[in-house]
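Keep in mind that the numbers below use all heavy atoms, side chains included, and drop hydrogens, waters and symmetry copies.
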Amino acid sequence: MRRLHPFTLLAIAGALPALAWTLPAPWGGLATAVLAFALTLTPGASPRLPVFRTALVTAAPFWVFLLLLHDVASTVAIGLRITTMVASFVWLMAALAPSRLVEAMVAAGWGASVAYLFAATLSAVPLLRARARRIVDAQRCRGLSPRGGVASRLRALRALALPLVLSALHEVDERALALETRGLVPGVRRTPLAPPPDSALQRIGRWGLVTVCAAALVWRVTWSG
Amino acid sequence: MVRLTLDRVTFWYPATKAPALRDVSLDVAAGEVVALVGTVGAGTSTLLLVAADLAPRVIGGRLEGRVHFEAPEEASGGRRIVLPTPWTQVSGMAFTVWDEVAFGPANLGWSREEIARHVDRALAKLGIAHLASREPAALSGGELQRVMIAGILAMDPGLLLLDEPTAELDPAGARILWQLVRELARGGAGVLVATSDSDAIPEFADRVIWLELGRVAAAGAPALVADEALCAAELGTTVADTWRMAGLAAPYPATVADAVRRWPAR
């Protein structure tokens, strides 16, 4: 599954929730939820069981809230749709390497600036995590303990969040200079370093999914009318 | 041939009345290494931003005077700057060190083969080929600084601008970098470097420019870092400072080798 073109993975992860919300409840939602959970168990979403478990654990609280707010029929209808969304997203995160997505975007002729927005968002997590670790270390050296009661933990959180956000804002200017000097300027035609292989079959598959979603919508609107 | 000329340049940052640079003139030619020294706030970083065509074009502000950069048409790398903080220079678009170094060359639109050749060479020159598959966010400051320098070197710049490039490096890393700077100059690149590593300047620089409060206070041969005025400003080399503090006569030796030579005749 990981070998599929990133756009194909995106198309699958987008089509399942779209169909879940378009097809009649509860069977449409049930079918898409089963498919989404089946995807989390495919070899691409490695390690399989933790991905399946993450999807299950993330979807569970929604069911509780829905049950508190709605009757059983509505809970099942909406719950299956939300579960499809959650499971599809968790599977996508496990199966899609951000670097491959960026390469695919560049190879498809997207502007380097647009691809940068995607990649920078995806790669911000490890960078922010590394910086947060440095800030926590620095605050510990100055006697702040992240352990203890709620008040103590909140104090520690503030001591982490404030420097993290302020330093991120501060570095925006310097990052702009660094990107400029490294050639990321508007209109640049970037060379894709390792464009993921695509095939006619996958392209047909993607268009097929778009067509199925559009047909389901048309059928649903007509059927409802 | 590559040549950078600053002719009576005065520069103001946005919303400031006092200029950060005042009436600065300098010239950096191909194959030449020019070191900028100065205390904090002297204007060395600002001068590099002006030389890199980032000030005022990107950061704003006002410039008087003339900045002229000429490079042969085949020099696609142009003039590139390495900033002092490695963490703010990470592209955010690469998930391995190899891709990070390739970020700049890819933006130049080179072929993949050409990019691979330049990236592998830059990684080898900085001694970080073993880090190629690591994630940039997981590197130490010194490793990341070397990655950033490799990223600029891989773009094959005609003029390399370095702002405190050894700030994050250990002594061995700094020595490798200064040797590399000399090697680049031998290969025809011009190098303008702001550094507080005065001890290394006689080893790698052809000329030294001392900035004070945005003005050129003095310029000359590398022996300038053993000058009485620079030593008084705490910008001299350790050897010159020691000689001076010992009350020995000027001119002071800049390096250990100078000191050994002069010792019998003191």
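Side-chain contact of Arg80(B) with Thr181(A): a donor-acceptor pair under 3.5 Å is absent, judged by distance alone. With no hydrogens or angles considered, no side-chain donor-acceptor pair links Ser91(B) and Arg182(A) at under 3.5 Å. Checking Thr83(A) against Trp63(A) by side-chain atom types alone, a donor-acceptor pair falls below 3.5 Å.
Ranking Leu161(B), Val90(B), Thr96(B) against chain A, the residue ahead of the rest is Val90(B), based on heavy-atom pairs under 4.5 Å.
In this structure, the portions of Arg175(A) lying under 4.5 Å from any heavy atom of chain B include both its backbone and its side chain. Using a 4.5 Å cut-off between heavy atoms, Ile152(B) contacts chain A through its side chain alone, with no backbone atom that close.
Scanning all heavy atoms of the two residues, the minimum distance from Pro195(A) to Ala107(A) falls at CB-CB, 3.7 Å.
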